[in-house]
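Before any comments, here is the structure.
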Amino acid sequence: MGKTTGNVRMSLQTLKVLESFLENPLEQLSGADVHQRCRIASGTLYPILLRLEGAGWLVSRWEGIDPSAAGRPRRRLYRLTSTGLKRASEVFASFNRGVLA
Amino acid sequence: MSHSTEALVIALVRRAARNAPSALSARLEEEWLADAQERTSNLSRLRFAAGCYWASIAIGLEHRPASVPAAGAAHGNTASIVLEPPRFLSSRAVTFGLVLSLHAAVFCGLMLGGTTYFKPAEPPAIQPRVIERPLPQIKPPPPSIDHSLVDRRVSPPVLPPDVVPAQPQLPNVVTAPELLSEPRGTPGSLPSREIARVQGGIGPAFPHPADFYPDVSRRFEEQGAALVQVCVDTAGRLTSEPVSTQSSGSARLDAAAIKLAKAGSGHYRPTTEGGRPVSACYPIKIRFQLQN
């Protein structure tokens, strides 16, 4: 599989997910938003999101709407944590060093 | 989104969410239903729902003893998940194994089913039938002929089944040509000699009609007897092409009879005159008959 960083296995798909969050670290993205940015299938995307959340790299919350009033289910929004931002930056920096070295 | 597709997507997502760990199923169901609505086409929604199914399997494998906040507890709050260490069999490997075994099962089913249900039809077996025919009777010579000169009788031919000689061209006792040239009853001339002529037929090694029965005729259950005129030399070989003189009612069987008559060249029993083989033409009857 991929390289393990902390307790998160780094695969190409995981890197793509992290990259979509790193474009704007303060932005909150749903699973559909991440799919639109990195085109990862749902069967791979949601296990990665839960893995990153479990490792503390992401946090999630429900969208602040009333489903009955909005007529649709609430979306789950993910955001990078400070730990996630730091670790993801280190991962990409190490990869860049490896490539450029 | 059409109602049927929407219902199918919702059913798939809910089923997928139920496969996930119970602590996560409610959360994933709502999250996936919301994200499914973000998809633009029905096909994309269906692919998304199918992917959720596989995601639930992967999540279930990774979060067996997971302690996760339930959906109710996660209203607007952050969540934390404790992950198990990486396992030897990853979800991707398990999924790949499942897909591979499914393909193998379908392939084996097609191969075994194809040979079981599509067997070629076997033609009916042919049983030879022995036809009892009376042996040709040799007419007695005319009273004016000296019987002491005609005492040769030839044993009846041994015939294979289904092939019988046609009615002999009687009379079988004819006057020898050389004797016919002599004036009969002239005083002082040699006494006339009557020579026994025995019509030829088929020999014991003659081919069997079953070997020449056309496949199409077997399938259509065509039967019949064809009369073929053959000209045979003293060695039992054909001297000319056999000619069909009476049809069996089927052109295929007539052609097969001609073929059989040609194949039997060298296996005919020649006609004899006075015990000596001579070249002669005679008809043979070839019967094609199916037996159960």
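So you know, we letter chains A, B, ... as the sequences are listed, proteins then strands, and number each from 1.
- Note on Trp54(B), Phe48(B), Tyr53(B): by heavy-atom pairs under 4.5 Å with chain A, the leading option is Phe48(B).
- Salt bridge present: Glu53(A) and Arg27(B) bring a charged side-chain N and a carboxylate O closer than 4.0 Å.
- Residue contact with chain A, scored on non-hydrogen atoms closer than 4.5 Å, involves the backbone of Arg47(B) exclusively.
- Of the inter-residue distances, the one linking Leu77(A) atom CG with Glu31(B) atom CD reads 9.0 Å to the nearest 0.5 angstrom.
- Distance check, rounded to the nearest 0.5 Å: CG of Leu33(B) to CZ of Arg75(A) gives 14.0 Å.
- Note that the OG atom of Ser42(A) and the CH2 atom of Trp32(B) stand 8.0 Å from one another [nearest 0.5 Å].
- Note on Arg72(A) versus Glu38(B): no salt bridge recorded, every NZ/NE/NH1/NH2 to OD/OE distance being 4.0 Å or above.
- Neither the backbone nor the side chain of Thr81(A) comes within contact range of chain B, judged by heavy atoms closer than 4.5 Å.
- The existence of a salt bridge linking Glu30(B) and Arg74(A) is confirmed by a sub-4.0 Å separation between a basic side-chain nitrogen and an acidic carboxylate oxygen.
- The distance from atom CG of Leu28(B) to atom CZ of Arg76(A), rounded to the nearest 0.5 Å, is 9.0 Å.
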